[in-house]
Structures are given as structure tokens and as C-alpha cells.
Amino acid sequence: MAASASLQNLLKVGTKIVAVGRNYVAHAKELGNAVPKEPVLFLKPTSSYLENGGTIEVPHPLNSLDHEVELAVVIGKKARDVPENTAMNYVGGYALALDMTAREIQSVAKSAGLPWTVAKGQDTFTPISSVLSMSMVPDPDNLELWLKVDGEIRQKGSTEDMIFKIPYLISHISSIMTLFEGDVILTGTPQGVGPVKIGQKITAGITGLVDVHFDVGKRQKPGSS
């Protein structure tokens, strides 16, 4: 990792979030999607980050968003055309993230063949933990991810079930676009995604390493009550 950014400042210097869709077989099937033969990628803006303890904002006229708990891989140095066998050298750390999704908006976009940006990229739609050092995560392919809504378990899965593993994702993505220090790869979500409504609370974590909590509220536009 370059000296220009400390571990906790990594997210502030990143230029983009590259998200991987349908990277767990069970999740692909629960949404009625085919299991992909190569990674399904989409971009989220860094303006969608929300720090631990913040409030996820549901935009008008929606009353709920879908939760998707994911392992975030934080890039530690510039990566372009990286071979798979050296890809892990470009990891600066890890985090737990949520890919909040306005499923109704996404469904309309998908049926029309349109991008998912509005459904995935709004402010507060990427809640994220502090960055975990590489030494804290010796085996990223064997982590238990979990998410609860109002204390009820909704998602629990292991990163060992990812279709495309981290080295392949870094190599593949870096062959398409340059990854910069602080960029984040969201590696996909296990099964169990579902709605969380205004007024509910989300807790989520990587078992034994980190946990986060977020309230869910309604986005207030300027001048509205």
C-alpha cells in the first residue's frame, strides 16, 4: 500500500466503487437470474458511502430498500492489467459494505435494458465499515458475512461460496479499467436479500472481525418537512 494514504484514509482517496453482481449462485437464483459465466460489473459513485452509525436514506416515493451485505476489497495501489497470480499484492485492506438497492427502480431498468445507476448509486446507498488491515484478514475466502434487520437474521453466508474469487476479480477488472489506490470492489452478496423499511435498523458484520449498524430513514429534500 502506498504511503500516501493511511488505512482509514484509503476510502477518501478512492475514485470509484466497482460492484460485482450475481457472484453467489444462491443469490443469482433467488432473483431469477442465470449464473454468470463472467463477472457482472456495475459502478457506484464514492458519494454513496455512509460511515458506520449513519442513516440510510430512502428516496421519495419509496418506503423501503433491499439490503445486500458484501465483502469490500480496498485497493492499495494502482492496478492495470494485473495477472491473477500477483493480484493479491494490490489489496490494501478489506471492509464490510452494504449495496443498498432500490429494487423497484432496478426491476424497471432491467426490463427496459437500462443501467442500474439510479437504483444503486444514490447518496447513502453504500454503507461501509472501517478498513481492516490485511493482517486481520488472513483468509478472505473463508469469512462469514451476516446481516440482521431489527435483530432478525436475514443474510448469512461465506465468501468461500463466491463464484469469482478475489484474485480473478482484480485481474479481470484491471484489464478493463485502471484501479487506483482506495478504489473498492464489492464482491457480491449471499442469498437472503430483502426489503428494509423506513424506521428499521440494520446490523451487519464479518464474524469475529467487525460489525456495523445503520438506521433507515426517509430522505428529506430541502424545504420539505
Side-chain angles (χ1 to χ4, degrees), residues 8-21 27 30-31 41-74 94-112 114-131 145-155 182-206 210-225:
Q8 296 314 320
N9 281 332
L10 268 180
L11 298 180
K12 295 177 181 175
V13 301
T15 65
K16 58 187 168 294
I17 303 163
V18 186
V20 182
H27 171 61
E30 74 178 346
L31 292 184
L41 305 178
F42 58 94
L43 293 175
K44 301 185 69 168
T46 56
S47 52
S48 66
Y49 282 137
L50 178 67
E51 292 184 355
N52 185 22
T55 299
I56 299 164
E57 297 181 352
V58 180
H60 179 80
L62 305 178
N63 292 308
S64 67
L65 299 171
D66 270 21
H67 54 75
E68 300 187 6
V69 65
E70 314 208 3
L71 175 67
V73 176
V74 187
Y94 300 92
L96 182 79
L98 308 182
D99 175 23
M100 301 305 297
T101 304
R103 193 71 70 196
E104 301 100 315
I105 295 174
Q106 185 191 33
S107 296
V108 170
K110 284 168 66 175
S111 64
L114 297 172
W116 304 350
T117 306
V118 178
K120 297 273 196 178
Q122 300 198 37
D123 287 5
T124 75
F125 275 28
T126 312
I128 194 162
S129 74
S130 57
V131 179
L145 310 177
W146 59 269
L147 180 143
K148 297 178 180 179
V149 175
D150 288 346
E152 177 187 350
I153 193 75
R154 293 280 190 88
Q155 290 186 266
D183 284 359
V184 161
I185 300 172
L186 298 182
T187 57
T189 191
Q191 67 179 327
V193 303
V196 57
K197 297 177 181 178
I198 294 167
Q200 293 189 304
K201 296 180 183 296
I202 291 176
T203 52
I206 304 173
V210 68
D211 56 78
V212 293
H213 62 95
F214 301 97
D215 293 331
V216 180
K218 190 169 189 63
R219 184 185 173 209
Q220 298 295 333
K221 292 189 176 181
S224 65
S225 57

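Nothing here was measured: the structure is a model prediction, and the numbers come from that model.
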Distance in Å, L62 CG paired with I198 CD1, rounded so as to fall on 0.5 Å steps: 8.5 Å
Heavy-atom check, side chain of V216 versus side chain of V58, under 4.5 Å: yes
Point-to-point distance, once rounded to the nearest 0.5 Å, from OG1 of T124 to CG of L65: 7.5 Å
Counterpart residues, side chain to side chain donor-acceptor pair (under 3.5 Å), relative to Q155 (two or more places apart): H67, T189
Close side-chain approach of L147 and T203, heavy atoms under 4.5 Å: no
Taking every non-hydrogen atom, the tightest pair across V184 and V74: CG2-CG2, 4.1 Å
Partner residues of R154 under the salt bridge (charged side-chain N to carboxylate O under 4.0 Å, His left out) criterion, sequence neighbours left out: none
Heavy-atom pair of closest approach, residues Q200 and P195: OE1-O, 4.5 Å
Validation row: F42, D99 side chains within 4.5 angstrom (heavy atoms): yes
Side-chain donor/acceptor of Q8 to backbone N/O of V131, under 3.5 Å: yes
CD1-CD distance between I185 and E70, expressed to the nearest 0.5 angstrom: 12.0 Å
Reported CD-to-CZ distance for the pair E68 and R103, which is rounded to 0.5 angstrom: 4.5 Å
Results of salt bridge (charged side-chain N to carboxylate O under 4.0 Å, His left out) for K148 - residues two or more places apart only: none
Candidate pair D183 and T15, rule side chain to side chain contact (heavy atoms under 4.5 Å, CB included), full reasoning: CA-CA 6 Å; D183 284 359; T15 65; 2.8 Å; yes
Rounded distance (nearest 0.5 Å) linking atom OG of S48 with atom CG of L98: 11.0 Å
Acceptor/donor pairs from residues 50-57 side chains to any protein atom, 3.5 angstrom cut, sequence neighbours excluded:
{"residue": "N52", "atom": "OD1", "partner": "H213", "partner atom": "N", "Å": "2.8"}

Qualifying residues under side chain to side chain donor-acceptor pair (under 3.5 Å), relative to D211, sequence neighbours excluded: none
salt_bridge(D150, K201) N-O dist < 4.0 Å: no
Taking every non-hydrogen atom, the tightest pair across I128 and F214: N-CZ, 3.9 Å
Closest non-hydrogen atom pair, F125 against P59: CZ-CD, 3.9 Å
Any donor-acceptor N/O pair, S129 side chain to L96 backbone, under 3.5 Å: yes
Nearest atoms (heavy-atom pairs only) where S130 meets A95: O-CB, 3.7 Å
I17 side, atom CD1; K120 side, atom NZ - distance, nearest 0.5 Å: 12.0 Å
Heavy-atom closest pair, residues P115 and A109: O-CB, 3.3 Å
Presence of salt bridge, D123 and R219, under 4.0 angstrom: no
Sidechain-backbone polar pair: K44 side chain, L186 backbone, donor-acceptor under 3.5 Å: no
Under the ring pair (Phe, Tyr, Trp, His ring centres under 6.0 Å) test, residues paired with W146 that sit two or more places apart: none
